[in-house]
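Everything quoted here is computed from the prediction, not taken from an experiment. Chain letters run A, B, ... following the sequence lines, proteins first and then strands; every chain starts at 1.
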Number of protein chains: 2
Amino acid sequence: MTALGDPTRRAIFERLADGPSSVGALATDMPVSRPAVSQHLKVLKAAGLVLDRQAGNRRIYSLDPDGVGALRAYFERFWAHALGAFKQAAERRDEEVS
Amino acid sequence: MTALGDPTRRAIFERLADGPSSVGALATDMPVSRPAVSQHLKVLKAAGLVLDRQAGNRRIYSLDPDGVGALRAYFERFWAHALGAFKQAAERRDEEVS
DNA sequence: GCTTACCGTAAGTTATGACTTACCGAGAGC
DNA sequence: GCTCTCGGTAAGTCATAACTTACGGTAAGC
């Protein structure tokens with residue numbers, strides 16, 4: 001989650017949501033240098049959000065279904081929790097009105 | 001989204017998911033000082049994730065349903081998109097195998 | 001085998017932002 | 001009216017991390 005805080009890193013992450021890509025292909029689309037992209041990928045990989053596989057000379061990065069799933073689970077729990085809080089707040093507001 | 005990058009700020013955000021709270025109540029639960037909490041709340045408010053209302057002497061913060069909804073919509077789109085990419089990748093993998 | 005493309009890592013710079021202390025204004029209670 | 005709590009803002013410090021250039025190592029292509 002902290003890994004998605006940086007806008008550039010989030011852009012890379014969203015770009016990978018379109019499908020796997022090599023580092024060079026990512027870098028040409030980004031306003032930053034290739035090493036910068038490489039470092040961001042390292043962070044994303046450490047966060048478990050991204051996978052890499054060797055393809056001949058190049059290295060192909062793609063989203064990690066497990067990491068994405070964990071992220072989704074976190075938010076699903078959050079929505080449920082927040083929704084409960086909203087309802088409670090609404091009821092309390094109603095009580096105040098009545 | 002960038003606003004949720006900081007762990008402390010995310011902790012405040014999650015704390016508000018339990019229900020509205022005053023600044024002081026938040027600060028006593030947090031390992032940081034009250035002004036720090038205040039600054040984080042300012043960022044969250046600017047990001048549209050949080051609402052504040054005056055209650056006598058104190059200021060009560062709560063989640064902003066609109067902001068939370070927008071966040072949720074963003075992720076819903078993302079899941080759908082990423083899921084499509086996963087399927088395509090799987091199919092391509094199958095083709096390679098066959 | 002030599003060059004060329006691709007990529008990761010190291011080192012260094014710089015900017016950003018998270019946090020603190022100190023200060024100030026505003027409402028509550030006696 | 002005076003005090004006391006609550007909370008936002010200012011100023012300043014410090015750490016983190018995002019980015020660059022430079023380098024090295026590995027696979028492909030001729």
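- By the 4.5 Å heavy-atom criterion applied to side chains, A/P7 and B/T2 are counted as neighbours.
- Rounding to whole angstrom units, NE2 of residue A/H40 and C1' of C/dT9 are separated by 15 Å.
- Residue B/V32 places its side chain closer to C/dC19 than to any other of D/dT20, C/dC19, D/dA18.
- Taking the six-membered ring for Trp and the full ring otherwise, the centers of A/F13 and A/Y61 sit at least 6.0 Å from each other.
- Judged purely by distance below 3.5 Å, without hydrogens or angles, the side chains of B/R53 and B/S62 never pair a donor atom with an acceptor atom.
- Note: CZ (A/R53) to C1' (D/dA27) measures 17 Å, nearest angstrom.
- Between the side chain of A/R58 and the backbone N or O of A/V23, no donor-acceptor pair lies under 3.5 Å.
- Taking every side-chain heavy atom of B/S38 into account, D/dG7 is the closest of D/dG7, C/dG8, C/dA18.
- Regarding B/L41, its CG atom lies at a distance of 16 Å from the P atom of D/dC6, rounded to whole Å.
- Taking the six-membered ring where tryptophan is involved, the planes of A/F78 and A/Y74 are essentially parallel, since the angle between them stays under 30° and well short of 60°.
- Applying the 3.5 Å distance criterion, the base of D/dG7 shares a donor-acceptor pair with the side chain of B/R34.
- Residues B/I60 and B/V50 fall into different hydrophobic clusters, defined by Ile, Leu, Val, Met, Phe, Trp and Tyr side chains chained together at heavy-atom separations under 4.5 Å.
- Comparing D/dG7, C/dT9, D/dC19 by their nearest atom to the side chain of A/K42 picks out C/dT9.
- Between the B/R9 side chain and the B/A3 main chain, a donor and an acceptor come within less than 3.5 Å of each other.
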Heavy atoms under 4.0 Å is the rule here; annotate nucleotides 25-30 of chain C 5' to 3' with B where the base is hit, S where only the sugar-phosphate is, and - elsewhere. -BBS--
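- The distance between atom CZ of B/R58 and atom C1' of D/dG8, rounded to the nearest whole Å, is 16 Å.
- The shortest distance between the side-chain N/O atoms of B/S33 and the OP1/OP2 oxygens of C/dC19 is not below 4.0 Å.
- For DNA chain C, the neighbouring residues in residues 7-15 of chain B, judged by any heavy atom under 4.0 Å, are B/T8, B/R9.
- Remark: the A/R34 side chain and the A/T28 side chain contain no N/O donor-acceptor pair separated by less than 3.5 Å.
- Rounded to a whole Å, the CE atom of A/M30 is 18 Å from the C1' atom of D/dT20.
- The side-chain heavy atoms of A/L51 and A/P20, taken from C-beta on, include no pair separated by under 4.5 Å.
- Checking A/D6 against B/D52, the closest nucleotide of DNA chain D that is more toward the 5' end is the one next to B/D52.
- Contact annotation: B/Y61 reaches the phosphate of D/dG8 (side-chain N/O to OP1 or OP2, under 4.0 Å).
- Across the interface with DNA chain D, nearest-nucleotide mapping of A/P35 and B/Q39 shows B/Q39 to be the residue nearer the 5′ end.
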